[in-house]
A.B. asks: 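I have a structure here, written as structure tokens, and I will follow up with some questions on it.
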Amino acid sequence: MTTDLKSPATPDAAWQDDVRAGVRHVRDLDRLPLSPAERAAAQAAATAHKVRAPKAYLDLIDWSDPNDPIRAQVIPSPDELVAAEGELDDPIGDHAFSPVPRLTHRHADRVLLFPTYQCAVYCRFCFRKESLTSIGRGYTREALGPALAYIADHAEIREVILTGGDPLSLPDKALEEIRARIEAIPHVRLLRIHTRVPVALPARITTGLVAVLQGRLMVTVVTHFNHPREITDDVERACRTMRQAGFVLLNQSVLLKGVNDQVEVLEELCRELMYRLGVKPYYLHHGDLARGMAHRRTTIAEGQALVAALRRRLSGICSPTYVIDLPDGGGKVPLAASHIEGCEAGTWRIRGQDGEAREYREVVG
Ligand SMILES: *Cc1c(COP(=O)(O)O)cnc(C)c1O
Ligand code: SF4
């Protein structure tokens, strides 16, 4: 590993080629090995949510398997056109807590900042897809002005979370400017970046990119891996580059039917994230109410059974917290079934990991 410390940055041209050779427009679907019927279906579905995927990500697809878990995440499916009752445009209530454009402030100490509404890959299950398609704006210095003034005016804000869109789809120069502007606000302590770039476009994680993010602030990169097959040598290199820059790496996954709703898949994903990439599994999100996604949602009971089995197999460090992001700004709350069965006169009945309940008598001084 020490020899890699000084390995040269992946040349910028590598990731740009990866973008160019990928799918950027609906017409690029023509180049994929789809049957005419599959292509027509994908083209129709792409009208509801943009289509985009770099070549590196498309290369992971096994085209002989119509249910391939990588394909399911990026190739539009006609099921997306089926709107189920109860689905929402803004499933986690971002807009209700947006005091100024491009900022969401729901928890006192942290804000979401949206420097761009573009992504390197458009995930079919995206919970912000309505914002991405209807707004579609990029970064300009002026666009973030009100949001940064708001952060400067609110001394309780400690963490600025760059999300979007995908912040790492921006050029280094823009990221450097954003980092410097946030860093200039003295009460901000931590810069968080929520991104799918390390998964979908790992060659984009260059030493030049990590250098522009380094400064006064603690940097945390929250990646978004959903399946163990997304973990490749290039991804490992990208994560090593970020760890060597001193960034704390966490991952959030979305529980998706037919992609990762099997305990073996989640177990391998969480182990490889931690043991191979040094990325701590942070959240496993229950599928939110994004439109046209009923076909990828599990029930909460299914999710609870999965995470109970997962917790028995994994160490604490490898275990994500299963959460739901409540509509109307209720925030993220844990969903795992409680181990507590009851309490009477200071004696609690608590189920152990083996499923057997035990009594725990409280002794306090
Ligand atoms: C998810 C989210 C955060 C970050 O929450 P953590 O639990 O700290 O990861 C902050 N603000 C909003 C509006 C969010 O949706
Ligand atoms: S990268 Fe994130 S914001 Fe962009 S489409 Fe995927 S889930 Fe949505």
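Each ligand, and each atom within it, is numbered from 1 in the order the structure gives. Quick caveat: nothing in here was measured; it's all calculated off a predicted structure.
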A.B. asks: Heavy atoms only, cut-off 4.0 Å: how does Cys123 contact ligand 2, side chain, backbone, both, or neither?
C.D. replies: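 Near ligand 2, Cys123 shows its backbone as well as its side chain.
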A.B. asks: As an exercise, identify every atom of ligand 2 less than 4.0 angstrom from a heavy atom of Val121.
C.D. replies: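 Going through ligand 2 atom by atom, the ones under 4.0 Å from Val121 are 1 (S), 4 (Fe), 5 (S), 6 (Fe).
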A.B. asks: Should Ile324 and Tyr322 be counted in the same cluster of Ile, Leu, Val, Met, Phe, Trp and Tyr side chains packed under 4.5 Å apart?
C.D. replies: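 Cluster IDs for Ile324 and Tyr322 match.
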A.B. asks: Can you pull out the closest protein heavy atom to atom 8 (Fe) of ligand 2? Residue, atom name and distance to 0.1 Å, please.
C.D. replies: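 So the nearest neighbour among protein heavy atoms is Cys126 SG, 2.2 Å.
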A.B. asks: Closest by any non-hydrogen atom to atom 5 (O) of ligand 1: pick that one out of His105, Arg110, His107.
C.D. replies: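 Checking each option, the heavy atom nearest atom 5 (O) of ligand 1 is found in Arg110.
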A.B. asks: With a 4.0 Å cut-off on heavy atoms, does Tyr282 reach ligand 1?
C.D. replies: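 Distance cut 4.0 Å: Tyr282 passes for ligand 1.
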A.B. asks: Check this for me: does any side-chain nitrogen of one of Arg27 and Asp30 sit under 4.0 Å from a carboxylate oxygen of the other?
C.D. replies: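 Judged by the 4.0 Å cut-off on N to carboxylate O distance, Arg27 and Asp30 do not form a salt bridge.
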A.B. asks: Evaluate the 4.0 Å heavy atom contact test for atom 2 (Fe) of ligand 2: does a protein atom fall under the cut-off?
C.D. replies: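 Not a single protein heavy atom is under 4.0 Å away.
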A.B. asks: Does a salt bridge link Arg229 with Asp62, judged by any charged N lying under 4.0 Å from a carboxylate O?
C.D. replies: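 No, this pair does not count.
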A.B. asks: Would you mind listing which atoms of ligand 1 come within a distance below 4.0 Å of any non-hydrogen atom of Tyr283?
C.D. replies: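 Per the distance check, 6 (P), 7 (O), 9 (O).
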A.B. asks: If we only count N/O pairs under 3.5 Å, is Thr104 in contact with ligand 1?
C.D. replies: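 No: no nitrogen or oxygen of Thr104 is under 3.5 Å from one in ligand 1.
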A.B. asks: Output yes when Glu177 and Lys173 qualify as a salt bridge under the 4.0 Å nitrogen-oxygen rule, no when they do not.
C.D. replies: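 Looking at Glu177 and Lys173, the cut-off is not met.
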A.B. asks: Run the side chain to side chain contact (heavy atoms under 4.5 Å, CB included) check on Leu273 and Ile231 step by step: do they pass?
C.D. replies: CA-CA 8 Å; Leu273 280 168; Ile231 300 176; 4.2 Å; yes
A.B. asks: Please name the residue in the list His295, His286, His224 that meets the ring-ring contact (aromatic ring centres under 6.0 Å, His included) test with Phe125.
C.D. replies: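 Looking at His295, His286, His224, the match for Phe125 under the ring-ring contact (aromatic ring centres under 6.0 Å, His included) is His224.
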A.B. asks: Please determine whether any non-hydrogen atom of Arg192 lies less than 4.0 Å from an atom of ligand 1.
C.D. replies: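 Checking ligand 1 against Arg192, which is what was asked, there is a heavy-atom contact under 4.0 Å.
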A.B. asks: Please write down residue, atom name and distance for the protein heavy atom closest to atom 4 (Fe) of ligand 2.
C.D. replies: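 Protein heavy atom with the smallest distance to atom 4 (Fe) of ligand 2: Cys119 SG, 2.3 Å.
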A.B. asks: What protein heavy atom sits nearest atom 14 (C) of ligand 1, and how far away is it?
C.D. replies: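 Result for atom 14 (C) of ligand 1: Lys332 NZ, 3.2 Å.
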A.B. asks: So which bit of Glu159 gets within less than 4.0 Å of ligand 1, heavy atoms only: side chain, backbone, both or neither?
C.D. replies: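 The answer is neither; Glu159 stays 4.0 Å or more away.
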A.B. asks: Select one of side chain, backbone, both or neither to describe which atoms of Val111 lie under 4.0 Å from any atom of ligand 1, heavy atoms only.
C.D. replies: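 The answer is neither.
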A.B. asks: Between the side chains of Tyr57 and Glu230, is a donor N or O closer than 3.5 angstrom to an acceptor N or O?
C.D. replies: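 Judged by distance alone, the side chains do pair up.
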A.B. asks: Between Asp172 and Arg204, does any side-chain N to carboxylate O distance fall below 4.0 Å?
C.D. replies: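 Salt bridge present between Asp172 and Arg204.
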A.B. asks: Please report the C-alpha distance between Ile182 and Ile151 in whole Å, then the side-chain angles of each, then the deciding distance to 0.1 Å, and finally whether the side chain to side chain contact (heavy atoms under 4.5 Å, CB included) criterion is met.
C.D. replies: CA-CA 9 Å; Ile182 295 168; Ile151 297 168; 5.6 Å; no
